[in-house]
Amino acid sequence: MKKAVLFGVLLLLTLSAVATQCGHNDTNSNNSHKNTDDDAADDDSVIDDDSGDDDQLDDDMLDDDTADDDNSDDDSIGPHPPILTDLHYDPPYAELVLVPEEGYWWASTLYINVCDLGNDLLPDGWLASMSPCGPGMEPAQVGFVDLEPDADGDLSQAGDCANPITIGLLVAFGPESDPYGAGCSEGELCAPFWAGDTAGYVSGQTEVCIMYNPV
């Protein structure tokens, strides 16, 4: 079993969640980038000065256009940080789970949908969080390359945010013998999650909570 210590609790990288595999990666690589424009509002309406592009009004700074007519491509101006959506625990409370070689732990499965319009999760992208158990702990992170076994999809093809990849992680908060030993207290436990990609872009934080009542 693959294991990693993360978020101040034991994170077990063992589950694959149900999701649609991402396969779209439009890089808009065929632009010929001419220096002149045949039409200030539309570079293809009279004489085509950029026959290989996919945009009627393009957002690519290297060509001669200023806006985008294709919302599904990945060449828009600006950063492309990872996007985390639909973070939730299932069940929404910790329950006793038999962890091989560890015994019974209070745990639940965390599901995270992820995509990156720049398709840069691999090789150096990462997922991070603060611990919900105990104040003052440093943020912890794990590489997306290490999360590939837990993803129902190819993280090297994560550019289609209409079909994000889902990662399922078993998060354990405390052993049956000492449920508060890891610093978790009874009640609602909340922690922010965020992610970074290989290009250096970092997402905003998304908080996810779980009820912890180990009785």
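Numbering of residues begins at 1 and proceeds along the displayed sequence.
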Novice: Side chains of Leu170 and Trp105: does their closest heavy-atom pair fall under 4.5 Å?
Specialist: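 When only atoms from C-beta onward are counted, Trp105 and Leu170 do not touch, as no gap falls below 4.5 Å.
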Novice: Count the heavy atoms belonging to other residues, nucleotides or ligands that lie under 6.0 Å from OH of Tyr180, then report whether that count exceeds 12.
Specialist: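 More than 12 within 6.0 Å, yes.
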Novice: Under the criterion side chain to side chain contact (heavy atoms under 4.5 Å, CB included), I'd like the reasoning laid out for Val208 against Tyr89: C-alpha separation, chi angles, the key distance, then a yes or no.
Specialist: CA-CA 8 Å; Val208 60; Tyr89 284 99; 3.9 Å; yes
Novice: Kindly indicate whether the side chain of Pro164, heavy atoms from C-beta on, has any atom under 4.5 Å from the side chain of Ile83.
Specialist: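 Side chain of Pro164 against side chain of Ile83, heavy atoms only: no contact under 4.5 Å found.
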Novice: What I'd like to find out is whether the side chain of Asn213 reaches to under 4.5 Å of the side chain of Tyr93, using heavy atoms alone.
Specialist: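 No. Closest side-chain heavy atoms not under 4.5 Å.
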Novice: Give a yes or no on whether the backbone of Asn119 and the side-chain of Asp197 come within a donor-acceptor separation of less than 3.5 Å.
Specialist: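 Not confirmed, Asp197 side chain does not pair with Asn119 backbone.
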Novice: For the hydrophobic clusters of this structure (ILVMFWY residues joined by side-chain heavy atoms under 4.5 Å, transitively), does one cluster hold both Phe173 and Tyr104?
Specialist: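 Yes, it is one cluster - the side chains of Phe173 and Tyr104 are joined through contacts under 4.5 Å.
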Novice: When you compare the side chain of Asp116 with that of Thr198, does any pair of heavy atoms fall below 4.5 Å?
Specialist: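 No, every pair of side-chain atoms sits at 4.5 Å or beyond.
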Novice: Would you say Ser108's side chain and Pro92's backbone share a donor-acceptor pair under 3.5 angstrom?
Specialist: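 Flag not set: sc Ser108 to bb Pro92 has no pair under 3.5 Å.
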Novice: Does the Ser203 side chain pair with the main chain of Ala195, one donor and one acceptor, at a distance under 3.5 Å?
Specialist: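 Side chain of Ser203 to backbone of Ala195: a pair is present.
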Novice: Hydrophobic clusters here meaning ILVMFWY residues chained together by side-chain heavy-atom distances under 4.5 Å, can you tell me if Leu96 and Leu110 are in one?
Specialist: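 Yes, Leu96 connects to Leu110 through the hydrophobic network.
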Novice: Take Asp160 and Cys115, measure what side chain to side chain contact (heavy atoms under 4.5 Å, CB included) needs, and give me the verdict at the end.
Specialist: CA-CA 7 Å; Asp160 183 3; Cys115 68; over 6 Å; no
Novice: What I'd like to find out is whether the side chain of Asp146 reaches to under 4.5 Å of the side chain of Trp126, using heavy atoms alone.
Specialist: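 They are not in side-chain contact.
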Novice: Can you check side chain to side chain contact (heavy atoms under 4.5 Å, CB included) on Thr166 and Asp152, steps first, answer last?
Specialist: CA-CA 6 Å; Thr166 301; Asp152 192 3; 5.7 Å; no
Novice: Quick check: does any side chain N or O of Thr109 sit under 3.5 Å from a backbone N or O of Leu169, one acting as donor and the other as acceptor?
Specialist: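 Pair absent, no side-chain N/O of Thr109 close to backbone of Leu169.
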Novice: Taking the side chain as C-beta and beyond, is there a heavy-atom pair between Met130 and Trp194 under 4.5 Å?
Specialist: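 They are in side-chain contact.
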Novice: With a 4.5 Å heavy-atom cut-off, do Val145 and Pro123 have their side chains touching?
Specialist: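 Contact flag for Val145/Pro123 side chains = no.
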Novice: Determine whether a donor-acceptor pair (N or O, by modelled atom type, separation under 3.5 Å) exists between the side chain of Tyr212 and the backbone of Trp106.
Specialist: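 Not a single qualifying donor-acceptor pair exists.
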